Amino acid sequence: MSEDDNNSEEYPTEIHDYLAAFEKSLGSVDEMLKTMMSVSRSELLQKLDPLEQAKLDLVSVYTLNSMFWVYLATQGINPKEHPVKQELERIRTYMNKVKEITDKKKASRLDKGAASRFVKNALWEPNAENERSSKTPAKGKKRQ
């Protein structure tokens, strides 16, 4: 290869950092894909609960559509005017629904029985006389 061939393939120095970051990102994606592909999908899904399965499916389909978005951009097609944009928005909607479900699971639960006992005991402290009369009400007597 001559030096002139090498110079014709050079690119502006301003975008060198962007290209280096892009190459590093591609390497990370490649590593993650190899890791995911090393385990069979059915084996992986058996180990996960339904919510985790949904998360895995959503991340997978979002990743594929995002990669297609990048592919369209490299081909000179505006992805914002392509149906892939609506698909990504639809997937994002489902991701938000899964997040809401996850947040509801993490929210604290109210033990109604314990709360009512707590309130009852905090508001009323019987003295010895009231305690005996409240535990053993007189049968057959009318209250006045």
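Everything numeric here is computed off the predicted structure, so don't read it as measured data.
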Under 4.5 Å between any side-chain heavy atoms of [X] and [Y], yes or no?
X	Y	value
Trp69	His82	no
Leu56	Leu45	yes
Leu19	Glu23	no

Out of curiosity, [X] [atom1] to [Y] [atom2], how far, rounded to the nearest 0.5 Å?
X	Y	atom1	atom2	result
Gln53	Lys47	CD	NZ	13.0 Å
Asn78	Lys85	CG	NZ	9.0 Å
Lys34	Glu31	NZ	CD	7.5 Å
Asp30	Ser25	CG	OG	12.5 Å
Arg92	Met95	CZ	CE	8.5 Å

Connected via hydrophobic side-chain network under 4.5 Å: [X] and [Y]:
X	Y	result
Val59	Met32	no
Leu88	Tyr94	yes
Val84	Met67	no
Tyr71	Phe22	no
Leu64	Leu58	no

- [ ] In plain terms, say whether Glu52 and Lys55 are close enough for a salt bridge, that is, a side-chain N and a carboxylate O under 4.0 Å apart.
- [x]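 Salt bridge between Glu52 and Lys55, a charged N being under 4.0 Å from a carboxylate O: yes.
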Open item on the list: So that I can tick it off, tell me whether Arg90 and Glu87 are bridged by a salt bridge, with the cut-off set at under 4.0 angstrom between side-chain N and carboxylate O.
Closed with: yes
